Colleague: 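Take this structure first; my questions come after.
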Amino acid sequence: GATLPAKDASSTAALLAGQFDLNFADIGDAAALASKSAAGQALDGQRVWDMCRDLTRPRLDVLAQRLDVKSTWDDLVLPDEQMGLMRAVAGQVRARHTVYDDWGFSTKMNRGFGITALFAGESGTGKTMAAEVIANDLRLNLYRIDLSAVVSKYLGETEKNLRRLFDAAEQGGAILFFDEADALFGKRSEVKDSHDRYANIEINYLLQRMEAFSGLAILATNMKTALDPAFLRRLRFVVNFQFPGPKERKLIWQRSLPAATPQEVLDYDRMARLNVNGGHIHNIALNAAFLAAQSNQPVTTSLLLTAARTEMRKLEKPASESEFRP
């Protein structure tokens, strides 16, 4: 079958070995699948990477949902500090093999090999999109954890579910994204009865597994203040997602409509004055596109304002009627 060019084989093998935990049979399967997909073309490292990623796709059944990631760095609008932290997260995952193995840091550490990040901010500020961007950039699967399925009312079941999650994801092809993390990682309660005591044991188990996890675990919460300071100390990155200001809102508006969408010259400065976050902006843009399609016209500023009025009334956000006049 097809083989990698000699000059690429060594570096590609090192990258694959650093990311994926595969046995000989899995490696053979990945190579065979990659060769078959090449169909007589030159085999490149990206194709082999994708085959390894797909081969290690964990079976997480009802505990998690695999997201179809499409967002890129160009879609993400964050202040410079937060964007820098985001790129640092992706960079550490990419350079993990070099630092831990080639540069010897694994011999100096007995825990903390996992890369963990907390995304804190209210709903609609871009936490899920940010996780998608990192997964897309790293060419890895992204799994959003259904915490309602993980957290069980039966003693011991939460720990079993967490063990299944991490064990299934250990082969390296997945990023774990724990949404609404405060539901699981809130302040460790004062021990008043056996249920409280067991809940604290489960949270401590989670902290240990996160530190030992070979991949990236991202936690998203709407309430950073609800998290235990002892828990925060064990996270490598904390990224605060703030409500976007006028500058950020204008950029989000400019990127909210696909290039293929018929549109007039839009007044983005006017739209940026509306006090809405990125999630609401995307809802408004989509609804305005439907209004335009139904009336067989391009998207206009007036249609965006009409959709914005509906969105803000739905959210019961205070606004004067003058805000929606073109």
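Only this structure's heavy atoms are used, side chains among them; waters, hydrogens and symmetry mates stay out. The shown structure was predicted, so the numbers you read here are calculated from the model rather than taken from an experiment. Residues take their numbers from the sequence shown, with the count starting at 1.
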Colleague: Below 6.0 angstrom between ring centroids: does that apply to Tyr100 and Phe113?
Modeller: yes
Colleague: Is there a continuous path of hydrophobic side-chain contacts, each under 4.5 Å between heavy atoms, that joins Leu142 to Trp73?
Modeller: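 Looking at the clustering, Trp73 is in the same group as Leu142.
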Colleague: Is there a donor-acceptor pair closer than 3.5 Å between any side-chain N or O of Lys127 and the backbone N or O of Gly121?
Modeller: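 Yes.
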Colleague: How far does CG of Leu304 sit from CD1 of Ile284, to the nearest 0.5 angstrom?
Modeller: 8.0 Å
Colleague: Is any side-chain heavy atom of His282 closer than 4.5 Å to a side-chain heavy atom of Met129?
Modeller: yes
Colleague: Could you give the distance from CZ (Arg270) to CG (Leu274), rounded to the nearest 0.5 Å?
Modeller: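 Going from CZ on Arg270 over to CG on Leu274, the span is 6.0 Å.
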Colleague: Considering all heavy atoms of both residues, which atom of Ser214 and which atom of Glu170 are nearest to each other, and what is their separation?
Modeller: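 Result for this residue pair: OG-OE1, 2.8 Å.
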Colleague: Ignoring hydrogens, what is the shortest heavy-atom contact between Ala130 and Phe119? Give both atom names and the distance.
Modeller: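 Answer, listing the atom of Ala130 first, then Phe119: CB-CE1, 3.8 Å.
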Colleague: Indicate yes or no: at least one non-hydrogen side-chain atom of Arg209 is less than 4.5 angstrom from one of Leu162.
Modeller: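 Side-chain contact under 4.5 Å: no.
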Colleague: Would you say Leu176 ends up clustered with Val238 if hydrophobic residues are merged whenever their side chains have heavy atoms under 4.5 Å apart, either directly or through other cluster members?
Modeller: yes
Colleague: In Å and rounded to the nearest 0.5 Å, what is the CZ to CG distance from Phe241 to Leu78?
Modeller: 5.5 Å
Colleague: Just wondering, more than 12 heavy atoms not from Phe290 lying within 6.0 Å of its CZ?
Modeller: no
Colleague: So which atom in Met210 and which in Leu235 form the shortest heavy-atom distance, rounded to 0.1 Å?
Modeller: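 For Met210 versus Leu235, the nearest heavy atoms are CE-CD2, 4.0 Å.
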Colleague: Would you call Glu122 and Thr125 a side-chain contact if the rule is heavy atoms closer than 4.5 Å?
Modeller: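 Yes; the side chains approach each other to less than 4.5 Å.
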Colleague: Please find the pair of heavy atoms, one from Gly114 and one from Arg236, that lie closest to each other, and give the distance.
Modeller: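 For Gly114 and Arg236, the tightest heavy-atom pair comes out as O-NH2, 3.3 Å.
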Colleague: Is the shortest distance from a Lys or Arg side-chain nitrogen in Arg96 or Asp101 to a carboxylate oxygen in the other one below 4.0 Å?
Modeller: no
Colleague: Are the side chains of Ile145 and Asp179 in contact, using a 4.5 Å heavy-atom criterion?
Modeller: no
Colleague: Do the side chains of Tyr268 and Thr301 get nearer than 4.5 Å, heavy atoms only?
Modeller: no
Colleague: Check whether any side-chain N or O of Arg255 sits under 3.5 Å from a backbone N or O of Asp74 as a donor-acceptor pair, and report yes or no.
Modeller: yes
Colleague: May I ask you to test the Met86-Val89 pair for a side-chain heavy-atom distance under 4.5 Å?
Modeller: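 The answer is no; the side chains never approach within 4.5 Å.
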Colleague: Count I, L, V, M, F, W, Y as connected when their side-chain heavy atoms are under 4.5 Å apart, and connections chain through other members. Are Ile281 and Leu257 then in the same cluster?
Modeller: yes
Colleague: Under a 4.0 Å N-O cut-off, is there an ion pair linking Lys250 with Asp269?
Modeller: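 Yes, this pair counts.
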Colleague: Using the rule given for side-chain contact (heavy atoms from CB on, under 4.5 Å), can you reason through Thr128 versus Glu132, listing the C-alpha separation, both sets of side-chain angles and the distance that settles it, and then say yes or no?
Modeller: CA-CA 6 Å; Thr128 301; Glu132 290 184 18; 3.9 Å; yes
Colleague: Tell me, with the steps shown, if Tyr143 and Leu67 meet side-chain contact (heavy atoms from CB on, under 4.5 Å).
Modeller: CA-CA 6 Å; Tyr143 284 88; Leu67 300 181; over 6 Å; no
Colleague: Give the cluster check for Val265 versus Val299: same hydrophobic cluster or not, with ILVMFWY residues linked at side-chain heavy-atom distances below 4.5 Å.
Modeller: no
Colleague: May I ask you to decide if Thr72's main-chain N or O and Asp75's side chain share a donor-acceptor pair within less than 3.5 Å?
Modeller: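 Answer holds: yes.
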Colleague: Can you establish whether the number of heavy atoms outside Lys314 located under 6.0 Å from its atom NZ is more than 12?
Modeller: yes
Colleague: Distance only, no hydrogens: is a donor on one side chain within 3.5 Å (strictly under) of an acceptor on the other, for Thr300 and Glu264?
Modeller: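 Absent: no donor and acceptor within the cut-off.
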Colleague: What's the separation between atom CG in Leu76 and atom CG in Asp137, rounded to the nearest 0.5 Å?
Modeller: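 Those atoms lie 11.0 Å apart.
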Colleague: How long is the gap from CG on Leu303 to OG on Ser295, to the nearest 0.5 Å?
Modeller: 6.0 Å
Colleague: Answer yes if the side chains of Glu311 and Asn283 hold a donor-acceptor pair under 3.5 Å, and no otherwise.
Modeller: yes
Colleague: So does Arg234 pair up with Glu211, basic N to acidic O under 4.0 Å?
Modeller: yes
Colleague: Could you tell me whether the side chain of Leu118 reaches within less than 4.5 Å of the side chain of Phe237, counting heavy atoms only?
Modeller: no
Colleague: At their closest point, which heavy atom of Pro246 faces which heavy atom of Ala272, and how far apart are they?
Modeller: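 Closest approach of Pro246 to Ala272: O-CB, 3.7 Å.
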Colleague: Quick one: does any side-chain atom of Arg249 pair with a main-chain N or O of Pro244 as donor and acceptor, under 3.5 Å?
Modeller: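 Pair found, side chain donor or acceptor close to backbone of Pro244.
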Colleague: Linking I/L/V/M/F/W/Y whenever any side-chain heavy atoms sit under 4.5 Å apart, do Ile115 and Val133 land together?
Modeller: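 Both belong to a single hydrophobic cluster.
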Colleague: Using a 4.5 Å cut-off on heavy atoms from C-beta on, say whether the side chain of Leu216 contacts that of Gln92.
Modeller: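 Gln92 vs Leu216: side chains apart.
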Colleague: Decide whether Gln263 and Thr261 meet the rule of one side-chain donor and one side-chain acceptor closer than 3.5 Å.
Modeller: no
Colleague: Could you grab the distance from atom CZ of Phe177 to atom CD of Gln65, nearest 0.5 Å is fine?
Modeller: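 Result: 11.0 Å between the selected atoms.
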Colleague: Quick one, Asn287 with Leu291, criterion side-chain contact (heavy atoms from CB on, under 4.5 Å). Give me CA distance, side-chain angles, the key distance, then yes/no.
Modeller: CA-CA 6 Å; Asn287 288 330; Leu291 290 173; 5.6 Å; no
